[in-house]
Each structure stands twice: as structure tokens, then as C-alpha cells.
Asks: 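Quick one: this structure, given as C-alpha cells, is what I'll be asking you about.
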Amino acid sequence: MLRTHTCGELTKANDGQEVTLCGWVDRIRDHGGGVFVDLRDRYGKTQIVVGAESDAAMLELAGKLRNEFVILAKGTVRNRPAGQENPKMVTGAIEVVVIELQVLNESKTPPFTPGQHELPNEDTRLKHRYIDLRRQAMQDTLVLRSRIIKGMRDYFDAHDFIDVETPILGRSTPEGARDYLVPSRVHNGTFYALPQSPQIYKQIMMIAGYDRYIQVARCFRDEDLRADRQPEFTQLDLEMSFVDSDDIIGMIDGLMQKLAKDILGLDLPLPLPRLTYDEAMTRFGHDAPDLRFGVEIVDLTDLAKTVEFRVFKSVADAGNHVRAINAPGGAAVFTRRKIDELTKFVQENFGAKGLAWFRIEEDGSLFSPIAKNFTQEQLDEIRSRTDGKPGDLIMIIADTWDTSCKALYALRKKVGLALELYDPKEMHFSWIVQFPMFDYDEEGNRWNAMHHPFTAPLDEDLEKLQSAPGDVRAKAYDLVINGYEAGGGTIRIHDSAIQSRAFELLGLDAQSAKERFGFLLDALQFGAPPHGGIALGIDRIVMLFGGLENIRDCIAFPKTQKAADMMTEAPNRVDVEQLEELAIRIIESDDEA
RNA sequence: GGCGCAGUAGCUCAAUUGGUUAGAGUCCCGGACUGUCGAUCCGGAGGUUGCGGGUUCGAGUCCCGUCUGCGUCGCCA
């Protein structure tokens, strides 16, 4: 090692010691006769001094240092003169008086510096990611990520799980998300698919008798990005045999308790709270609600049937829904203009027909442009059902179930944020369980698997597979943290009769099921144990534990919204020779339609 | 694919109703200075206002198109 210490560890205890530090020049304060340099590595910063003790040559060299030069400084640790300590620095009690100074490497003037106060725009950060990754915040996050993954591995190792790698080059099973495809050279005209998850492999590991499997698995989905979604992401993939839902949930409960304690110092009481899917949709309009605050949805459909107001009455009579949320103290924050914006927002994003609202005045009366359409009794009823208090704002969506859920969920999120109804540092863990097994595809006129086609139904719902598929609930569970889906899993079907029935409902005949999943269906017939598992989104968990707002900040080299890497400029065009070997021809489209 | 926000000096931003030579801080270059820690002081350099059209006597500003980044809806079994 060129160095004897890092830049984050020297204290008064090292006074008088001769040390050698290596690092990057973070900042220079040049007084002519004396130069102060903050030297930085990933452990911290230490002030080094070239001053009276130094000869002219070293002073000249120090004067030539610039931001992000890589230097080696050999010197003596010395307590700083009285009054010159810097309490903001961990090493602020000491400084290193330089005896020998070497420039290990110069740096071009960087487009931005890791220590600068205003963060550059994201494209600049992504293009020069090596500079961005020098920032304290990025380093903290990558260390956090490493600790979380190690915590997971330690926990599962202690519970007898084994870590198995599954293929990256796999078979395309076109269902769900789009695949990333890799052309085969040996078999021209055929393609591998990158895994959307190791789902099928881990089930086969159960059939093979490795009853506790984990993997830190890279997954790929060729779909559009979001702040919390990357095309390439990492999940903690897990599968267990001889288990039911409670066993998987319990295992992950234990993991979350450990991580919360080790990483955040939080004591999580177990079991983590569980909500059924129906409950979540009814109370919050979403299957991953943010439970750090209340503001639950109140159903006013029955009341709406009795009112004169045609907008409400017609919706209710048509079998649709009139539902409300109450923004506590929202009247002051959501002005008429803000409400107009919210109305436009729910109309444009969710196709809602409108947004009705009531403001509760100081005297308890309800003010609204539509108030004249209601009797006093009806107004009182609206107020009491929504638990309205003076200063509150009641927002009502009259629409289909689906639209009212989406609009009210989105409004609830905005209300929680705008009214600061929760502490941003708070963490709330919960499970959403008993998802519907299928949802109906109106356009395709058929049932779709809500999770995947191997998900097992609840035992008590088995007979409804014949009579009422839409009412069948699945042995499925999602882990929700602060309104984000942090993981999801299911118990799998290991009974071939039930599996056949599920395929039938999904419109897959025996022949096409065999074509698509033949190898798994075969394997399931050779002694498949009852099994199930879960996948936890590691990037999202890092984001949530780190209190961050987007997933790119949790990944060393993330992709942009158009799935590009700004640093390497991937994806890129390749040589004609490469394409020829793969028997691939590019069709250039010159029309913009 | 839809909707929205943004793009001006290396970086972060400003520029009145469309008006004359596009400014500031920082960075960079040169100089001064031994106790700074967002050092200070003096001087200097630095611009295809993302790109392409259009309107106008005149466009950073208005219009059309396009590219890039971000947010979001669709999408993500």
C-alpha cells in the first residue's frame, strides 16, 4: 500500500505520528506562503498543510495542485493550533504537515466537483458518473446497498438457504413484460431472452430438492422507466419447499426486523401488519398504499342514490361508485386554483369525469359550488361520514370502481405530501395478501393471471375455479414499504389438475402450455414438493432505507428514461460483420410515423 | 405512444412587454497574501442561448418541428 492511513481516521491520538495519505484534492486554500489542501478518499477528508516548514520547491508544487488531482502526502500528524480546529470535520482536530508531496496523477478540469454545493443536472452526472460517484452521498448509498445485501445474505445463510446462480441467457416465454433478446450465433435466427426473473429456475431447484434457495439476481424487463423502475434491476430471489404463505411472510418479517435494526436502528414489532387486497383497494384505492398516514377512502354510494345531484345519483344508480377522502386541514392549502389543478390532473391522468369538493367552514357548514343540490341532512351526513372538521377539504370522485381507486389513490398521495401528514424519515412495513388470482381483460375477452400462471389459489377458494374465477383469491403476498411495492411472491401450484384448470382459464390449451412451459410442466410431474417464494426489490429497498427519491441514485451505473447509459453510450450500433455472423439485417425506418 | 417540466459560459442560474454590446456566482488562466476550512483581494479569458425552420425592422424570449434529460399516465404476468 502506498498509504499508511485513510483520510477519515486520524485523530488527536495520532499526534506526532508520521503517516502517508493518498487521495483526491477536494479543495485548496492557497495563502501563498502556506497552502491548505483537503485531501479526500472514500473514508473522509483530512487537511494537509504545506507551510513554513516546507521548502520553496514543495510550496511551488502545492501551488500547482488543482481539483481532483490524485496525490500522495507523507507528513506528520499534528494537533491544530488552538482555535483552528474544524468541528465539522471528523478529522478536524488534526492536520498533516507535509514532508513529501507527490502528484500521482493530474486531472483535467472536471465538469463538476464532488464537493460543490449545487448538484449538476442529472445528464451531466450520468455522463461523468466517475465524478458523481465520488460524491459523499453516492458513496454512502453504495455502502448502504452493500450492507443491506450482506445483511440479507447473512440472514439467509443463518437459516440454511443456499445461494444458486441461474442462467442469464434463457428461454423467451412471452408473457408479461417484454423480453430483452440476445441473438444466437450458433443457431442463426433464434434468440435467448434475458431473465425477467429466475422464476422457473428456482421452482425447478425446489423440485430438485434444494429446499431453501436464494439468489441476488439481476433481472431485465424491456418496459418504460419510472423514478422507481429500471430496465435492469436486482432482486433478492427466494424459494422454499414445504411451506405455505405464512412461512414465507414470517421469514421475510424476520429479515425486515433485522435490517431495520442493523441499518436504521429501528425496532420493528412482528408480525408486520397485513391487509387483504380487497381491504387495501376499499380503504386506499391501491394495492401498495402508503400507510404512514390515514386519509382513508369513504364510500358514499348509498347516500348518492338518495340525492338530487344528478352527477352523483346517475353514477350510483348505474352501479358505479361515489367515494371520498377528507384532507385534514386541507382547505387552507388547496385553494380554488389548486383544486382546479387537481381536477385537471384526475381528468387527464385517469379519465375521471370530475372532482367534487366540500370545504368545511369555521361554523361547520359545508361550502361547495354543488352544495345547493343537497339537503342539510345530506350535507351533515357527508361531513359526519368523512369525519369532517372545520378547515378540512372533502374530495369526491363519482366514477367506475377502477377510476375512483386510481384517482383517489393519487389524490391521497398528494394530500399526504402537501399537508405533511407523515414524517419523511418514518418507515412503515406491511403486507398486502390474498390478491385476486385473475383479472379480466375486457379487450381480449379472457382472464389474465394477476401474478403468474403458476400461482396457487387459496384452499377455500378452490371450487370457485369452476364457478366464479373472478372471485378466486391467490396465495400471493406483497411487501409494501412507505407506499412502494418492495417485494412480491406466491405459493406455487404443485398439483397438475389445478394447474391445468388455471391454464384453461387463461386460454392456454394443453398444446400451447406445453410449448411455452413444457420443461416446467414435465418437472412438476416428477415429485414436486409444495413450494413458494418471493422476490424483494433490492434497489427499491436501498432507496427506501436511504430515504432517497429515485432508484438511479441507488445504482452505480443506471440507465436513463430511454434505457440508455449516458457514460458508455449503450445501446450502440455494431459492425456489419457482427450482424452477418448472427444473420441479422437492420431495417432502417425513414418515416417518422 | 399521451401529458407536463427543463435545456443560455465547463458547472449553477439571471436576462422586464420581443429591443440595442446576453449578465452573475463558481470553475479556469495570471497576480497578491502563512492559519484557511464555501479563504480573501486584484486582473483576464470564457457563449452556434440543444438543433432545424418560420413570423418580425428586430427572437434567448413568439410559432412549428426535432433531439436530450426528468416526472407521470399507458405499460411493468
Asks: Just checking A:P120: base, sugar-phosphate only, or nothing, at a heavy-atom cut-off of under 4.0 Å?
Replies: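 The residue A:P120 makes sugar-phosphate contact but no base contact.
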
Asks: Looking only at side chains, do A:N448 and A:D439 share a donor and an acceptor under 3.5 Å apart?
Replies: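 No, A:D439 and A:N448 have no side-chain donor paired with an acceptor closer than 3.5 Å.
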
Asks: Tell me the interatomic distance from A:F112, atom CZ, to B:C13, atom P, rounded to whole angstroms.
Replies: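 It is 13 Å, rounded to the nearest whole Å.
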
Asks: Separation of A:E118 atom CD from B:U26 atom C1', in whole Å?
Replies: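 Atom CD in A:E118 sits about 8 Å away from atom C1' in B:U26.
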
Asks: Between B:G35 and B:U40, how far is it from one P atom to the other, in whole Å?
Replies: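 So the two P atoms sit 14 Å from each other.
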
Asks: Look at all strands and tell whether A:E95 reaches a base, only sugar-phosphate, or nothing, counting heavy atoms closer than 4.0 Å.
Replies: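 Base, at least one base atom sits under 4.0 Å.
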
Asks: Quick one: do the A:D495 and A:Q499 side chains pair a donor with an acceptor below 3.5 Å?
Replies: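 There is no such pair between these side chains.
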
Asks: Check the side chains of A:Q511 and A:D509 for a donor-acceptor pair under 3.5 angstrom, ignoring hydrogens and angles.
Replies: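 Side-chain D/A pair, A:D509 to A:Q511: absent.
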
Asks: Expressed as a whole number of angstroms, how long is the span from A:N550:CG to B:U72:C1'?
Replies: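 My rounded result for the distance is 14 Å.
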
Asks: Indicate whether the side chain of A:D179 and that of A:S172 have a donor and an acceptor atom separated by less than 3.5 Å.
Replies: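 The criterion, which ignores hydrogens and geometry beyond distance, is satisfied for A:S172 and A:D179.
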
Asks: Among B:C28, B:G35, B:U72, find the nucleotide with the atom closest to the side chain of A:R226.
Replies: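 In terms of side-chain proximity for A:R226, the closest of B:C28, B:G35, B:U72 is B:U72.
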
Asks: I'd like to check the ring-ring contact (aromatic ring centres under 6.0 Å, His included) partners of A:F557; sequence neighbours left out, ordered by chain and number.
Replies: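 Per chain and number, A:F557 pairs via ring-ring contact (aromatic ring centres under 6.0 Å, His included) with no residue.
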
Asks: Would you measure the distance from the C1' atom in B:G47 across to the matching atom in B:A15 and give it in whole Å?
Replies: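 It works out to 14 Å between them.
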
Asks: Could you tell me whether A:R66 contacts a base, only the sugar-phosphate backbone, or nothing, with contacts defined as non-hydrogen atoms closer than 4.0 Å?
Replies: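 If one applies the 4.0 Å heavy-atom cut-off, A:R66 turns out to touch the sugar-phosphate alone, with no base involved.
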
Asks: At 4.0 Å (heavy atoms only), tell me whether A:N86 reaches a base, stays on the sugar-phosphate, or touches nothing.
Replies: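 Contact class for A:N86: base.
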
Asks: Are OP1 or OP2 of B:C67 and a side-chain N or O of A:K562 less than 4.0 angstrom apart?
Replies: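 So the side-chain polar atoms of A:K562 never come under 4.0 Å of the phosphate oxygens OP1 or OP2 of B:C67.
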
Asks: Counting only Watson-Crick or G-U wobble pairs whose two distances fall under 3.5 Å, which nucleotide matches B:A6?
Replies: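 Partner of B:A6: B:U68.
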
Asks: Between A:M543 (CE) and B:G71 (P), how many Å, whole number?
Replies: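 Value for this atom pair: 11 Å.
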
Asks: Report which part of the nucleic acid A:Q116 touches: base, sugar-phosphate, or nothing (heavy-atom distance under 4.0 Å, all strands).
Replies: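 The residue A:Q116 makes sugar-phosphate contact but no base contact.
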
Asks: Say whether A:N121 and A:T124, considering side chains only, have a donor N or O and an acceptor N or O under 3.5 Å apart.
Replies: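 Judged by distance alone, the side chains do not pair up.
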
Asks: Looking at B:U12, I'd like to know if its phosphate oxygens (OP1 or OP2) sit under 4.0 Å from a side-chain N or O belonging to A:N121.
Replies: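 A:N121 to B:U12 OP1/OP2: side-chain N or O found under 4.0 Å.
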
Asks: How far, in whole Å, is B:G74 from B:G38 if one measures between their C1' atoms?
Replies: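 My reading of the C1' atoms in B:G38 and B:G74 gives 46 Å.
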
Asks: B:G71 base to A:Q561 side chain: any donor-acceptor pair below 3.5 Å?
Replies: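 For A:Q561, whose side chain was compared with the base of B:G71, there is a donor-acceptor pair (under 3.5 Å).
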
Asks: Is A:L119 touching bases, backbone alone, or none of the nucleic acid, heavy atoms closer than 4.0 Å?
Replies: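 Sugar-phosphate, backbone atoms only, no base.
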
Asks: Rounding to an integer number of angstrom, what distance separates B:G31 and B:A14 when you compare their C1' atoms?
Replies: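 Going atom to atom, C1' in each nucleotide, I get 30 Å.
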
Asks: Ignoring the backbone of A:P81, work out which of B:C75, B:G35, B:C70 is nearest its side chain.
Replies: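 In terms of side-chain proximity for A:P81, the closest of B:C75, B:G35, B:C70 is B:G35.
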
Asks: Is there a stack between A:H31 and B:A39, judged by ring centres under 5.5 Å and planes under 30°?
Replies: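 The base of B:A39 is stacked with A:H31 (centres under 5.5 Å, planes under 30°).
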
Asks: Figure out the CD/P separation between A:E122 and B:C5, and round it to whole Å.
Replies: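 Spelled out: CD on A:E122 to P on B:C5 is 19 Å.
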
Asks: May I ask you to say what A:N67 touches in the nucleic acid, namely base, sugar-phosphate or nothing, with a heavy-atom cut-off under 4.0 Å?
Replies: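 Answer is sugar-phosphate: A:N67 comes under 4.0 Å of backbone atoms only.
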
Asks: Taking the same atom, C1', in B:C13 and in B:C27, what whole-Å distance lies between them?
Replies: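 Approximately 14 Å lies between the C1' atom of B:C13 and that of B:C27.
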
Asks: Hey, are A:D340 and A:R337 close enough for a salt bridge, meaning a charged N less than 4.0 Å from a carboxylate O?
Replies: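 Here A:D340 does not pair with A:R337 in a salt bridge, since their nearest N and O are not under 4.0 Å apart.
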
Asks: Would you indicate which nucleotide in B:G69, B:U72, B:C37 comes nearest to any side-chain atom of A:N349?
Replies: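 Closest nucleotide among those given: B:U72.
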
Asks: Taking only N and O in the side chain of A:T560, is any of them less than 4.0 Å away from OP1 or OP2 of B:G69?
Replies: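 For A:T560, the contact criterion (side-chain N or O under 4.0 Å from OP1 or OP2 of B:G69) is met.
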
Asks: Classify A:R27 by what it touches in the nucleic acid, base, sugar-phosphate, or nothing, heavy-atom distance under 4.0 Å.
Replies: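 The residue A:R27 makes sugar-phosphate contact but no base contact.
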
Asks: Judged by each residue's nearest nucleotide on RNA chain B, which is more toward the 5′ side, A:Y409 or A:M566?
Replies: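 It is A:M566 whose nearest nucleotide is closer to the 5' end.
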
Asks: Compute whether any side-chain donor of one residue and acceptor of the other, for A:E95 and A:T46, lie under 3.5 angstrom apart.
Replies: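 On atom types as modelled, these side chains do not qualify, holding no pair under 3.5 Å.
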
Asks: OP1, OP2 of B:U36 versus side-chain N and O of A:R29: anything below 4.0 Å?
Replies: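 No, outside the criterion.
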
Asks: Go through B:G69, B:U72, B:U12 for me and flag the one nearest to the A:T124 side chain.
Replies: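 Nearest to the side-chain atoms of A:T124, counting from C-beta on, is B:U12.
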
Asks: Looking only at atom C1', what distance separates B:G1 and B:U20, rounded to whole Å?
Replies: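 Rounded to whole Å, the distance is 45 Å.
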
Asks: Between A:R78 and A:E223, who's closer to the 5' end of RNA chain B by nearest nucleotide?
Replies: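 Upstream on the strand: A:R78.
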
Asks: With rounding to whole Å, what would you report as the distance between B:U56 and B:C3 at their C1' atoms?
Replies: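 After rounding to an integer number of Å, I get 31 Å for this pair.
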
Asks: Side chains of A:D237 and A:Y213: do they bring a donor and an acceptor to under 3.5 Å?
Replies: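 There is such a pair between these side chains.
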
Asks: Need one value for A:R552: base, sugar-phosphate or nothing, where a base atom within 4.0 Å counts as base even if backbone is also close, heavy atoms only.
Replies: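 Result for A:R552 = sugar-phosphate.
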
Asks: Run the salt bridge (charged side-chain N to carboxylate O under 4.0 Å, His left out) test against A:R221 and tell me which residues pass, sequence neighbours left out.
Replies: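 If we apply the salt bridge (charged side-chain N to carboxylate O under 4.0 Å, His left out) test to A:R221, skipping adjacent residues, there are no hits.
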
Asks: Atom NZ of A:K127 to atom P of B:C70: distance rounded to whole Å?
Replies: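 Roughly 14 Å, once rounded to whole Å.
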
Asks: Walk me through whether A:K464 and A:D471 qualify under salt bridge (Lys or Arg N to Asp or Glu O under 4.0 Å).
Replies: CA-CA 7 Å; A:K464 290 189 200 153; A:D471 293 343; 5.5 Å; no

Asks: How many Å lie between CZ on A:R229 and P on B:C70, as a whole number?
Replies: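 Atom-to-atom, A:R229 to B:C70, this comes out as 14 Å.
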
Asks: Between residues 38-51 of chain A and RNA chain B, which residues have a heavy-atom gap below 4.0 Å?
Replies: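 Hits under 4.0 Å, by residue number: A:Q47, A:G51.
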
Asks: From C-beta outward on A:A564, which listed nucleotide comes closest to its side chain: B:G69, B:G35, B:C73?
Replies: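 Shortest atom-to-atom distance from the side chain points to B:G69.
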
Asks: Could you check which nucleotide pairs with B:G74 in any of the strands shown, counting Watson-Crick or G-U wobble with both distances under 3.5 Å?
Replies: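 No nucleotide pairs with B:G74.
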
Asks: For A:E106 and B:C28, give me the distance from atom CD to atom C1', rounded to whole Å.
Replies: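 To the nearest whole Å, that distance equals 15 Å.
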
Asks: Taking only the C1' atom of each, what is the distance from B:G60 to B:G18 in whole angstrom?
Replies: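 Roughly 11 Å separates the two C1' atoms.
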
